[in-house]
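Order of the sequence lines fixes the chain letters, A, B, ..., with proteins taken first and strands second; residue numbering starts at 1 for each chain.
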Amino acid sequence: MTRFSRLLSSSHSFMETFQTLLTRELSRALAASGLPAAGEVVPATDARFGDYQTNAALVLAKQRGENPRSLAQKIIPHLAVGEWCEPPTIAGAGFINFTLKPAAVAAQTARLLQDERLGVPLAETPHRIVIDFGSPNVAKPMHIGHIRSTVLGDALARIAQFLGHDVIRDNHIGDWGTQFGMVIYGWKNLLDRAALVRDPIGELVRIYKTAHDLTKSDSAVRDACRNELVRLQAGDEENLHIWNECVALSLQEFEAAYRILDIHYDIQRGESFYNDRLPAVVDRLLKSGLAEISEGAVCVFFRDIPELAERPCIVRKSDGGFNYATTDVATIDYRIRDLGADTVWVVTGAPQLLHFRQIFEIARREGYTADFRHITHGSILGEDRKLMKTRSGDNVPLREVLDEAVVRARKIVEQKNPDLDEAEKNAIAQTIGLAAVKYADLSQYRMTDYIFSWDRMLSFQGNTAPYLQNAYVRIRSIFRKAGEEFSAPNELTLAEPAELNLAKRLTQFAETVPQVLNDFRPNILTNYLFELANAFHAFYEACPVLKSTEPARATRLALCELTARVLQRGLDLLGIKVPEKM
RNA sequence: GCGCCCAUAGCUCAGCCGGAUAGAGCAUCGGAUUUCUAAUCCGACGGUCGGAGGUUCGAGUCCUCCUGGGCGCGCCA
């Protein structure tokens with residue numbers, strides 16, 4: 001465990017969610033009824049069915065060939081849930097529905113106010129997780145396509161860490177590809193020194209692209225590039241020096257972007273880090289019989305897996321060189337043997353599905369038992385539904401996207417709240433603009449290609465970052481106006497439907513966060529936060545806070561405080577900040 | 001040729017292990033403000049879940065086939 005999570009776990013009092021309580025009570029009731037464990041308790045699919053439901057009777061009825069409703073009838077008397085719920089009811093085909101008592105919700109809400117973790121349980125078995133995300137290439141510009149892996153990976157890392165896992169964030173930088181043949185050729189033949197000083201990355205990209213274009217039409221350049229690459233890999237001093245400079249310049253560029261995006265890595269092991277381990281990897285695979293020589297290359301075949309039968313993985317080229325498959329196998333070794341990982345997550349675009357299926361399959365055949373997950377995502381499309389490109393057909397530079405987000409947010413702040421001073425407006429624009437870009441990405445199911453739209457992501461209506469931030473800001477405004485320090489009341493009274501509804505939502509944060517990691521879907525959390533903000537706004541309309549009288553006032557202030565904490569924490573788990581004003 | 005991913009309201013998208021009458025937002029239309037940020041709320045309209053079979057008490061979800069789109073498939077990463 002990291003120091004951070006250990007601190008939290010030692011200081012928080014153990015809380016259980018309603019879902020956990022009801023689940024345990026259900027299995028107790030099933031046992032008392034002489035029935036085996038079955039079914040599950042889930043949040044009700046519709047408010048008219050109460051708050052939670054179980055399909056246990058349906059599952060058991062199917063197994064035993066009995067009538068589901070009469071089975072439910074037998075289970076219900078054994079359900080001792082009176083502390084939290086109204087008497088359970090049978091509905092539909094045989095569902096058992098639970099409706100929470102307002103007093104139980106109020107008590108749970110009061111406990112949440114005392115809990116730093118807002119009720120979110122720690123993982124039962126903490127894992128050491130190496131998470132590989134972002135992974136930009138040296139000498140290539142960071143572009144809009146890097147947002148998804150970077151933002152998704154960061155959010156998953158934050159959530160895993162909060163749940164008590166030991167997370168190691170690794171930036172697997174592409175610092176050793178064939179692109180260096182072209183970059184070094186360009187450096188020696190095309191470099192404009194003045195431009196390099198002025199705009200290092202721009203010049204690096206220019207010589208790379210120029211060389212790349214030349215190789216397409218000029219076979220002499222192609223040969224020269226290949227030659228430079230061979231010399232680099234053979235350890236040629238001059239080429240190594242150039243390579244080193246390129247890497248250093250690119251790292252500066254990456255770090256600038258990470259600073260803006262608030263992304264942090266624990267380690268940065270580029271491909272070159274594994275160079276001296278590659279020969280041993282291939283020797284080992286050959287020795288163990290996993291790999292064989294085919295057409296001069298060393299390949300691993302997967303003849304027993306139909307989809308992979310005709311798709312070998314090459315781990316050494318026929319010219320003796322290694323490729324990224326070799327590096328990735330060495331990377332697995334390192335993460336498990338040197339870093340002690342029992343779990344490895346790799347976050348990349350969907351096109352690499354086949355590659356990582358092969359790599360993880362090799363790892364399993366080598367006897368590794370770690371939990372390997374390839375977490376893939378779709379692409380970002382332009383309004384024309386094609387991969388987002390600039391007018392000239394290039395990738396949209398990441399920096400331009402981030403800058404424009406802030407500029408657009410700045411205009412909106414200016415329009416909505418012109419009285420703020422300049423520095424404050426700029427800070428708010430930064431917070432809102434970056435939040436909008438990140439949230440637009442995370443609020444979508446990761447596998448779908450999504451259409452990038454400034455107007456949608458910066459809208460204050462709908463499932464957007466500004467909508468959530470605005471809920472937070474409204475709360476902060478109430479406390480500023482109240483002018484008093486918040487102190488949690490001993491008990492709450494939930495009288496209004498809007499209060500009860502908001503409080504119920506607040507208790508569900510703890511049920512939602514762990515769910516994200518089931519299938520690596522941060523959008524489950526964004527959906528929850530959107531619904532929470534929506535419940536808050538409805539409460540805000542229906543229930544005056546400062547002008548209400550006790551005991552309503554203390555309850556409402558408590559609901560505001562807790563909502564603010566959940567919004568802030570929830571967005572923080574997504575790598576998104578909240579402003580105090582906007 | 002083979003393989004993987006995707007297809008849900010006019011538009012953008014949710015819908016994890018199969019569960020009740022498939023949900024939001026935008027757009028459109030209609031309401032709400034002497035009130036803590038109307039940057040909001042409430043309501044209406046809107047669907048053969050790409051198509052056809054199958055599995056079962058129950059299918060948007062699982063299986064098979066088909067259509068349409070994206071991506072990948074031995075020496076780039």
(message) Classify the ring geometry of A/F356 against A/H374: parallel below 30°, tilted from 30° to 60°, perpendicular beyond 60°.
(response) tilted
(message) Can you identify which nucleotide, out of B/C36, B/A14, B/G74, has its nearest atom closest to the A/P312 side chain?
(response) B/G74
(message) Classify A/S477 by what it touches in the nucleic acid, base, sugar-phosphate, or nothing, heavy-atom distance under 4.0 Å.
(response) base
(message) Does A/Y445 reach a base, just sugar-phosphate, or nothing at all? Heavy atoms under 4.0 Å.
(response) sugar-phosphate
(request) Quick one: sort the A/F509 and A/Y528 rings into parallel, tilted or perpendicular, breaks at 30° and 60°. (result) tilted
(message) Rounded to whole Å, how long is the line connecting atom CZ of A/F356 with atom P of B/C73?
(response) 14 Å
(message) Can you confirm whether A/F98 sits close enough to A/D51 that some side-chain heavy atom of one is under 4.5 Å from a side-chain heavy atom of the other?
(response) no
(request) Among A/F536, A/Y540, A/Y472, find the residue that satisfies the side-chain contact (heavy atoms from CB on, under 4.5 Å) test when tested with A/T563. (result) A/F536
(request) Mark this stacking check for A/Y467 against B/A39 as yes or no, applying ring centres under 5.5 Å and ring planes under 30°. (result) no
(message) Suppose you measure atom C1' in B/G47 against the same atom in B/A24; what distance do you get, rounded to whole Å?
(response) 14 Å
(message) Please check this pair: side chain of A/Q19 against backbone of A/V41, looking for a donor-acceptor N/O pair closer than 3.5 Å.
(response) yes
(request) Give the nucleotide from the list B/A77, B/G58, B/C75 with an atom nearest to the side chain of A/K62. (result) B/G58
(message) Roughly how many Å apart are B/G69 and B/G31, using the P atom of each and rounding to a whole number?
(response) 45 Å
(message) Checking contacts here: which listed nucleotide (B/A39, B/G19, B/C17) is nearest the side-chain heavy atoms of A/A93?
(response) B/G19
(request) Give A/E295 one of three labels, base, sugar-phosphate or nothing, depending on what nucleic acid heavy atoms sit under 4.0 Å from its own. (result) base
(request) Classify every nucleotide of nucleotides 24-35 of chain B by which part a protein heavy atom approaches to under 4.0 Å, writing B for the base, S for the sugar-phosphate alone and - for neither, in 5'-to-3' order. (result) SSS--------S
(message) Taking only side-chain N and O atoms of A/K481, does any of them lie within less than 4.0 angstrom of OP1 or OP2 on B/U37?
(response) yes
(request) Mind calculating the distance between CD1 (A/I451) and P (B/A7) to the nearest angstrom? (result) 14 Å
(request) Check every strand shown and say whether A/A350 touches a base, only sugar-phosphate, or nothing at a heavy-atom separation below 4.0 Å. (result) nothing
(request) In whole angstrom, give the distance that lies between atom CG of A/N97 and atom P of B/A20. (result) 12 Å
(request) Report which part of the nucleic acid A/D175 touches: base, sugar-phosphate, or nothing (heavy-atom distance under 4.0 Å, all strands). (result) nothing
(request) Output the single nucleotide from B/G1, B/C17, B/U40 whose closest atom is nearest the side chain of A/R311. (result) B/G1
(request) On the 0 to 90° scale, with breaks at 30° and 60°, tag the A/F486-A/F479 ring pair as parallel, tilted or perpendicular. (result) perpendicular
(request) Kindly say whether, by distance alone, the side chain of A/Q515 makes a donor-acceptor pair under 3.5 Å with the base of B/C16? (result) yes
(request) Taking only the side-chain nitrogens and oxygens of A/S548, find out if one of them lies under 4.0 Å from OP1 or OP2 of B/C36. (result) no
(message) Within 45 degrees of the ring normal and closer than 6.0 Å to the centroid, is that where the cationic atom of A/R277 sits relative to A/Y274?
(response) no
(message) By nearest atom, which of the nucleotides B/A20, B/C75, B/C5 is closest to the A/M447 side chain?
(response) B/C5
(message) Suppose we define a pair by two distances each less than 3.5 Å, Watson-Crick or G-U wobble; what does B/C41 pair with here?
(response) B/G31
(message) Which label fits A/W454 and A/F452: parallel for a plane angle under 30°, tilted from 30 to 60°, or perpendicular past 60°?
(response) perpendicular
(message) Taking only the C1' atom of each, what is the distance from B/U35 to B/U40 in whole angstrom?
(response) 13 Å
(request) Kindly indicate whether the side chain of A/D449 and the base of B/G70 share any N or O donor-acceptor pair separated by less than 3.5 Å? (result) no
(message) Under 4.0 Å from OP1 or OP2 of B/G15: is there any side-chain N or O of A/N523 that close?
(response) yes
(request) Assess whether one donor atom and one acceptor atom, taken from the side chain of A/Q179 and the base of B/C76, lie less than 3.5 Å apart. (result) no
(message) What contact category does A/G174 fall into here, base, sugar-phosphate, or nothing, at under 4.0 angstrom with non-hydrogen atoms?
(response) nothing
(message) By the 4.0 Å heavy-atom rule, please label A/E271 as base, sugar-phosphate, or nothing.
(response) sugar-phosphate
(message) At less than 3.5 Å, do the side-chain atoms of A/S318 and the base atoms of B/C75 form a donor-acceptor pair?
(response) yes
(message) Side chain of A/L58, heavy atoms from C-beta onward: which of B/A39, B/A20, B/G19 has the nearest atom to it?
(response) B/G19
(message) So for A/K317 and B/G74, does any side-chain atom that can act as donor or acceptor lie under 3.5 Å from a complementary atom in the base?
(response) no
(message) Should A/F95 be counted as stacked on B/A20, where stacking needs a ring-centre gap under 5.5 Å and an angle between planes under 30 degrees?
(response) yes
(request) Can you measure from CZ (A/F49) to OG1 (A/T89) and round to the nearest 0.5 angstrom? (result) 10.0 Å
(request) Tell whether A/N518 reaches the base of B/C16 with its side chain through a donor-acceptor pair below 3.5 angstrom. (result) yes
